[in-house]
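Only one structure is covered here, and it is reproduced in the block below.
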Amino acid sequence: MIRALARFFGLLLVAAGFVGVVVDGTRSIANGELAYLPLGDLAMRLFPKGFAAIEPAVTRIHPALWDPVLADAFLVPASLLGLGLGLLLIWLGRRPPEPIGFLAGP
């Protein structure tokens, strides 16, 4: 059951990532320069109140976590992150390989 859910959510993320790549590509062609939606902008659009609370919470843990680590991570294209996470979930949800020499029936 868990493998099926992992594959399902993986396929959804791959589909969303592919749509994001198409939208970013269309926007890049229309503008004549590279344009993509960063993860930080997507998070800000989806969770405006929660995203504003991330920086103070992280800097309270350790100030160096925010500036070099998370600030750069929020610049990653959201579509590529969706594709990567979706492919990881599909890989984790795959069926285990059959053992060598295993006979299925008589």
Considering non-hydrogen atoms only, spot the tightest contact between G20 and S79 and give its length.
C-CB, 3.6 Å
Provide the closest heavy-atom pair for A6 versus G93 in the form atom of the first, atom of the second, distance.
CB-CA, 4.1 Å
Count I, L, V, M, F, W, Y as connected when their side-chain heavy atoms are under 4.5 Å apart, and connections chain through other members. Are L83 and L11 then in the same cluster?
yes
Given the rule in the side-chain contact (heavy atoms from CB on, under 4.5 Å) test, do L65 and L70 qualify, once you have shown the distances and angles that lead to the verdict?
CA-CA 6 Å; L65 276 176; L70 283 179; 5.5 Å; no
Just to verify, what does T26 make a side-chain contact (heavy atoms from CB on, under 4.5 Å) with, not counting sequence neighbours?
V22
Would a single hydrophobic cluster contain both V21 and I90, if residues Ile, Leu, Val, Met, Phe, Trp and Tyr are joined by side-chain heavy-atom contacts under 4.5 Å?
yes
Tell me, please, which residues at least two apart from D72 pass side-chain contact (heavy atoms from CB on, under 4.5 Å).
L75
By side-chain contact (heavy atoms from CB on, under 4.5 Å), which residues pair with L85, not counting sequence neighbours?
L13, L88
From CG (L87) to CG (L92), nearest 0.5 Å:
11.0 Å
Considering only distance and modelled atom types, tabulate donor-acceptor pairs under 3.5 Å from the side chains of residues 43-56, sequence neighbours left out.
| unit_1 | atom_1 | unit_2 | atom_2 | d |
| --- | --- | --- | --- | --- |
| E55 | OE2 | W66 | NE1 | 3.4 |

With sequence neighbours left out, which residue pairs that include part of residues 12-25 fulfil the salt bridge (charged side-chain N to carboxylate O under 4.0 Å, His left out) condition?
D24-R27
Pairs in or reaching into residues 83-97: which pass side chain to side chain donor-acceptor pair (under 3.5 Å), with residues at least two apart or in two chains?
none
In terms of hydrophobic clustering (I, L, V, M, F, W, Y; side-chain heavy atoms under 4.5 Å; direct or indirect links), are F74 and I61 co-clustered?
yes
